[in-house]
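Scroll down for the structure; my scribbles are underneath it.
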Amino acid sequence: MPMNENGEFTPLIVAFCCNWCSYAGADLAGSGRLAYPAEVKIIRVPCSCRVNPTFILRAFQKGADGVILAGCHPGDCHYSTGNYYTRRRMTLLFSMLEYLGIEKERTRVEWISAAEGAKFAATMNDFAAKIHELGECKRLEDLRCK
Amino acid sequence: MQRIGVFVCHCGSNIAAAVDVKQVAETLKNEPNVVFAADYPYMCSENGQQLIRNAIKENQLTGVVVCSCSPRMHEATFRKTAEESGLNPYMVEIANIREQCSWIHKDRMTATAKAVVLGRAAIAKVRLNAPLTAGESPVVKRALVIGGGIAGIQTALDIAEAGYPVDIVEKKPTIGGKMAQLDKTFPTLDCAACILTPKMVEAAQHENITLYTYSEIEEVKGYVGNFRVKIRKKARYVHEDLCSGCGVCTQKCPSRKGGNEFNLSLDKRGAIYIPFAQAIPNVPVIDTEQCLKFKTGKCGLCQMNCAAKAIDFSQQDEIVEQEYGAIVAATGFNPISLDKFGEFGYQTYPDVVTSLEFERILNAAGPTKGHLERPSDGKPPKTLVFVQCVGSRDTSGRGKEYCSKICCMYTAKHAMLVREKYPDTEVYVFYIDVRTPGKNFDEFYRRAVEQYGVHYIKGMVGKVYDDGAGHLMVRASDLLANEQLTISADMVILAAATEPDKTARSLATMLTASMDTNDFFTEAHPKLRPVESPTAGVFLSGFCQGPKDIPETVSQAGAAAVKVIGLLSKNKLKSNPCVARSDSLVCSGCSNCEKVCPFGAITYTEAEVNDGTGKEIRRIAVVNEAVCHGCGACTVACPSGAMDLKGFSSNQIFAEVDAICR
Amino acid sequence: MTERDYCEEALLLSGVHPEKCMKCGKCSGACPSYDEMEYHPHQFVDMIAKGQIKKLMESESLYHCLSCFVCVERCPRNVMPANLVEAVRTLRERSIGNDRLKPDDVAALLDEETPGQLLMAAFRKYSK
C-alpha cells in the first residue's frame with residue numbers, strides 16, 4: 001500500500017479536466033491558493049468527451065484508487081454538446097465498474113466552470129476524503145504491470 | 001528516437017519556494033529519452049527562452065517539456081520559442097507545477113514529488129508527440145446576411161463599406177423589417193422611417209450589396225471561409241428588372257380582400273401589391289392565394305395594364321447558388337400570438353390591439369393616416385389602457401419566461417404620443433416593473449409621468465370584458481392602493497411578448513449554430529464574444545440573439561460586421577492542428593462519429609483502401625480539418641478505434657495515465 | 001404551533017412556492033370577489049411569505065374566496081394563490097377542531113350562512 005513518511009495511506013487519484021472549464025477552474029484554485037491533496041494528478045483533455053472509458057480502465061489497471069472527470073456545466077460546453085456525451089457514457093461505465101466491484105464512490109463526474117476555483121478545490125478535497133475512507137483499490141489492478 | 005529537453009522554471013519564488021526545482025530537474029534528467037535538463041528563475045523571460053533555444057540547437061532536441069505555470073498562460077509562448085529554433089511548436093508540452101503544485105501544496109517534499117510526477121507525465125506525452133502543421137483553407141471574400149431588417153441592413157452596409165461584397169437575403173418582398181413599421185422611436189421620438197429609409201436606399205444602391213428579397217435560404221453547406229449556400233428566390237410573378245415601380249397594377253387589381261400584412265391586417269390590399277410606399281425593391285408581388293388569375297384563370301388586368309410588360313404569371317421559383325466566407329444571422333423577431341391570453345379579449349374585441357398594431361394606427365402612413373381612431377367604429381378613443389408584460393416573464397407556459405426588454409420604453413412612447421397629440425385623453429399604463437436602463441431612458445419614462453400626466457399603475461389587468469352596453473371594461477389591481485379598479489376604456493393596447501422569428505430554428509439547423517430553449521441564437525461567449533456563434537464563420541446580429549432595441553441592434557450589427565470584415569480580410573485561415581484523424585485502414589464506415597460531431601466536420605466517402613491484402617473501395621470517414629474543433633467526441637464514439645485526436649491521441653493519454661500511476 | 005409553523009404548514013398543504021411570485025398583482029386583478037375580501041389573493045401569497053398567517057386565519061376573507069381558481073389560471077408564474085387560500089381555510093378549520101368530519105355530519109353543520117366553497121372543501125378533505 002502506498003504510504004507517506006507518517007505511515008498514512010496515500011491514494012492515487014487521476015483527474016481528467018477539460019481544457020476550457022475545469023482545467024481553468026483548477027488554475028483558479030491554484031491562484032487562490034486553495035489547497036487540495038497532492039494525490040490528485042490532473043490530465044488535461046480538450047473536452048470531457050475526449051475521455052475514452054478505456055483511459056479510466058487503464059488508470060484502475062495501473063493502480064489508481066479513484067478517477068474523477070470534470071467538465072463544463074451542461075449547456076456551457078465549449079463544443080456545445082461534448083459534456084452530454086460524457087454524462088451518458090460515464091453513467092454506463094460507472095455502473096459497469098460498480099458491477100465489477102469498483103465502488104461507485106471511486107468514480108465521479110463533476111461540472112466545474114472556469115470561475116469555480118473554490119468548487120474545484122472543495123470537490124477534490126471531498127473526493128480524496130472518500131478515497132481515503134475506501135482505501136486501496138486492487139480490484140482491477142493488473143499485477144503484470146508491477 | 002526522441003531527444004527531450006526538460007526546463008524547470010522557478011517562477012521567482014512562486015515555484016521554487018515550495019518545489020525543489022533543482023531536484024526536479026535532476027530527477028527528470030534520468031527519465032528515458034531525456035538528454036537535457038535545466039532550471040532557471042524565469043523561463044518565460046527573454047533569457048529563459050534563449051536558454052531553451054540554445055539547448056534545442058546544441059542538443060538537437062526533438063521534444064521540449066517546460067515545467068512551469070499553467071499551459072493556459074505560456075504554452076503559446078514556449079511553442080513560439082521552439083519554433084524560432086526550428087522545432088515544430090507542437091513538440092512542446094507543459095507540466096503545470098505552479099497552479100497545480102507549488103501554489104497549493106505547502107509541504108516541500110510532497111510538492112517536489114508531485115512536480116516530478118507531473119513532469120514525467122509530460123515527458124511521457126511528448127515522447128509520443130508528432131509534429132503538427134496547422135492546416136490552411138482559403139477564404140471566399142463574400143458575406144451573406146440573412147434578414148433585411150435594421151440589423152441586417154446595418155451589418156451589410158458596414159461590411160460593404162469595407163469593400164467586401166455582401167448579399168442580403170430577406171424572406172419578405174421588401175427589406176426594412178420591423179423598424180419600417182414603427183412610427184416614432186424612443187427616447188428621441190424621431191420618426192423611424194426618416195432614419196431607416198435612407199439606409200434602405202443606401203443598401204439597395206451600394207455597389208457591394210446584392211439584395212435577394214422574397215427569398216429564403218434553402219441549404220447551407222461548407223464551413224468557415226467556404227460556405228456554399230442555395231437561395232430560393234420565390235416567384236413574385238413580376239420581373240424585377242423590367243418593372244418600373246409605377247404601381248398601376250396595384251391600383252387596377254379588382255381583388256381587395258387581402259389583409260395588408262404591413263399594417264397587420266388593419267386594412268386591405270390588392271392581390272398584387274407593394275408592401276408600402278418606400279418598399280425596396282419598389283416592385284410588386286402577387287399573392288397567388290388571393291389573385292383571381294391564379295384561382296380562376298380569369299382576370300389578368302394587371303398584366304394588361306403593365307406598360308413595362310413586367311408581369312409574368314408563369315414565373316417559377318429560382319435557386320441561386322453562391323459561395324460565402326461568412327454568414328450573419330439577423331432574422332429578427334415577432335410579437336407572440338395572443339391566442340392563449342383570452343382574458344384580454346384580443347380575439348373578441350376589435351378595440352383591443354397589440355402595440356405593433358397601435359404603432360401602425362399612430363403612423364401617418366398607416367391605415368388611419370395617423371389619426372387616432374379605434375378600429376371598431378373609427379371614433380377617437382378618450383380612455384386608453386396600456387398593459388405591459390402580456391406574455392413576457394411568464395413561466396406558466398402561455399408566454400415567454402424572459403423580459404422582452406423593449407415594451408416598457410415603447411409603451412411610455414405610445415402613452416406620451418397619445419397625450420401629446422390628444423390632450424383630452426386619459427391614458428393608463430398597468431405595469432409590473434418599469435424597466436428603463438439605457439441612456440436617457442428613465443428620463444423619458446419620467447417625462448411620460450410628470451410632463452404628460454400618464455397614469456402609471458402598479459398592477460396587472462385580470463380581465464377585459466364588455467359591460468353589455470358596448471363599453472370595454474378593464475378590471476385590474478392597483479397594488480399600491482391595494483384596491484381593484486374597473487376602468488371603462490375605449491381602447492386597450494397589449495404589449496405582447498416578443499419571440500425570435502420562426503424561421504430562425506430551421507436556419508440554425510442548417511448553419512449548425514446552437515440555440516437556447518427560447519430559440520434565440522447562442523453566442524460563443526455571453527460576455528466576451530457576444531456577436532459570434534460558437535460555429536465558426538457564423539455571426540449574430542440583432543434580436544435573433546436576444547431582445548434588443550434599435551440602438552443596441554445597430555451597435556451589435558456593427559460589431560458583427562467588424563468580425564466578418566476581420567475574417568474576410570484574411571487570405572487563408574489557419575486551423576487548429578489538434579483535430580481528429582481517421583485511420584482509413586481501420587474505419588468500418590459505421591457513421592457513429594458523424595452522428596456525435598457537433599460541427600458536422602465528418603463526412604463519408606467511398607475511397608480506395610489498400611490494407612496489404614489488396615485494394616478495395618470502402619466507405620470511410622473523412623474529417624474536414626477546417627471545420628473540426630478538436631473536441632474528441634468522435635474518438636470515443638468510434639467502435640473500431642479508427643478515430644484519434646492529434647495532439648491528444650489515445651496513446652498520449654494512456655502514456656500520461658501510466659506515468660502518473662507508475 | 002407558532003405562526004411560522006402555520007405558514008410552513010400552509011405552504012406544505014398547498015404546494016405553493018411564494019418566492020416564485022413576481023408581485024404583478026394579476027391574481028387580484030382577476031379576482032371576482034376582490035371587494036368582499038379584506039385580504040386579497042396577492043396578499044395571501046405575500047403575507048404568508050412574510051410569516052403573517054394569523055391575520056389571514058382570522059379574516060372572513062377565507063370564505064369570500066369562491067375557489068374559482070381564476071387567479072391560478074391567470075398567474076404568469078404558476079404561484080397558485082387559490083391553493084394557498086384553501087390551505088389557510090383548512091388550517092383554520094383544524095385549529096378550531098373541525099378536523100376529520102364524517103360526511104354524514106357535514107349536512108347538519110350547514111346553514112344559510114355557510115359558504116358553498118366550505119362545503120366543497122369539506123367534501124374534498126373530510127370524506128374519509
Side-chain angles (χ1 to χ4, degrees), chain A residues 4-5 10 12-20 23-24 26-56 58-64 67 75-82 84-86 89 114 117 121 124 145, chain B residues 69-73 93-94 96 98-107 109-111 113-115 117-118 121 125 512-514 516-517 522 524-526 534-535 576 578 596-599 629-638 641 645 647-648 650 652-654 656-662:
Chain A
N4 66 7
E5 70 274 19
T10 53
L12 188 57
I13 297 169
V14 179
F16 290 96
C17 292
C18 86
N19 181 46
W20 306 97
Y23 195 90
D27 280 355
L28 193 64
S31 43
R33 312 295 198 271
L34 305 168
Y36 53 88
E39 297 135 13
V40 178
K41 310 284 196 306
I42 296 174
I43 295 178
R44 183 165 72 125
V45 285
C47 176
S48 58
C49 73
R50 174 63 187 97
V51 177
N52 198 307
T54 54
F55 300 164
I56 293 167
R58 174 78 149 231
F60 282 118
Q61 186 188 27
K62 295 276 177 167
V67 177
D76 289 346
C77 176
H78 182 76
Y79 306 100
S80 333
T81 50
Y84 297 137
Y85 298 130
T86 307
R89 287 168 184 162
M124 293 307 157
C145 296
Chain B
C69 54
S70 170
R72 295 170 53 85
M73 184 79 101
E93 289 294 332
I94 310 286
N96 184 344
R98 191 178 76 171
E99 281 85 347
Q100 289 174 15
C101 189
S102 70
W103 273 354
I104 48 171
H105 306 312
K106 288 206 181 76
D107 179 65
M109 259 183 67
T110 314
K114 181 169 174 182
V117 173
L118 295 177
K125 187 178 181 195
T512 64
S514 54
D516 66 16
T517 50
T522 321
H525 188 283
T535 303
N576 168 23
C578 297
V596 297
C597 179
F599 308 100
H629 283 46
C631 67
C634 54
T635 62
V636 185
C638 179
L645 188 64
F648 292 95
S650 297
Q652 286 176 305
I653 298 175
F654 280 135
E656 282 183 273
V657 170
D658 292 355
I660 285 173
C661 296
R662 195 165 90 181

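Numbers restart at 1 for each chain; the letters A, B, ... are given by sequence-line order, proteins then strands.
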Residues which pass side-chain contact (heavy atoms from CB on, under 4.5 Å) with B:Thr635, listed by chain and number, not counting sequence neighbours = A:Arg50, B:Met643, B:Leu645
request  = Go through A:Thr81, A:Thr54, A:Leu28, A:Val45 and name the one with the most non-hydrogen pairs under 4.5 angstrom from chain B.
outcome  = A:Thr54
request  = Give, for atom NZ of A:Lys62 and atom CG of B:Asp658, the distance between the pair rounded to the nearest 0.5 Å.
outcome  = 4.0 Å
request  = Grab the two heavy atoms, one from B:Cys661 and one from A:Ala59, that are nearest each other, plus how far apart they are.
outcome  = SG-O, 4.0 Å
message = Taking side-chain contact (heavy atoms from CB on, under 4.5 Å) as the definition, give me every residue that meets it alongside B:Ala513, ordered by chain and number, with sequence neighbours left out.
response = B:Leu511, B:Phe521, B:Ser533, B:Thr535, B:Val538
query = Which heavy atom of B:Val636 sits nearest a heavy atom of A:Pro53, and at what distance?
reply = CG1-CD, 3.5 Å
task = Using distance alone, with no hydrogens and no angle criterion, decide if B:Gln100 and A:Tyr36 have a side-chain donor and acceptor under 3.5 Å apart.
result = no
ask   = Which bit of A:Ala29 is near chain B, if near means a heavy-atom gap under 4.5 Å: side chain, backbone, both or neither?
value = backbone
query = Can you say whether B:Ala111 sits under 4.5 Å from chain A via the side chain, the backbone, both, or neither, judging by heavy atoms?
reply = neither
Interchain contact, A:Leu12 with chain B, by part (heavy-atom threshold 4.5 Å) = side chain
Region of B:Val117 that comes under 4.5 Å of a non-hydrogen atom in chain A = side chain
key: Toward chain B, the part of A:Tyr85 with a non-hydrogen atom under 4.5 Å   = side chain
query = Any side-chain heavy-atom pair from B:Cys631 and A:Cys49 closer than 4.5 angstrom?
reply = yes
request  = To the nearest 0.5 angstrom, please state how far the SG atom of A:Cys47 sits from the NE2 atom of B:His629.
outcome  = 12.0 Å
task = Take B:Ile653 and A:Phe16 through the test side-chain contact (heavy atoms from CB on, under 4.5 Å) and record every step on the way to the result.
result = CA-CA 10 Å; B:Ile653 298 175; A:Phe16 290 96; 3.8 Å; yes
key: Nearest atoms (heavy-atom pairs only) where B:Ile104 meets A:Gly30   = CG2-CA, 3.9 Å
ask   = Using non-hydrogen atoms only, which part of A:Arg44 is less than 4.5 Å away from chain B: side chain, backbone, both, or neither?
value = both
ask   = Heavy atoms, side chains only, cut-off 4.5 Å: are B:Arg72 and A:Asn19 in contact?
value = yes
Heavy-atom proximity to chain B below 4.5 Å, by part of A:Thr86 = neither
key: Separation of A:Ile43 CD1 from B:Gln652 CD (nearest 0.5 Å)   = 11.5 Å
query = Do any N or O atoms from the side chain of B:Lys114 and from the backbone of A:Val40 form a donor-acceptor pair under 3.5 angstrom?
reply = yes
key: Side chain, backbone, both or neither of B:Ala121 within contact of chain A (heavy atoms, under 4.5 Å)   = neither
note = Most heavy-atom pairs under 4.5 Å with chain B, out of A:Ala24, A:Gly82, A:Ala64, belong to A:Ala24
key: Shortest non-hydrogen contact from A:Tyr23 toward B:Ser70   = CE2-OG, 3.7 Å
key: Heavy-atom side-chain proximity of B:Glu656 to A:Val14 below 4.5 angstrom   = no
query = In terms of heavy-atom pairs under 4.5 Å, which option from B:Leu118, B:Asn96, B:Thr110 contacts chain A the most?
reply = B:Asn96
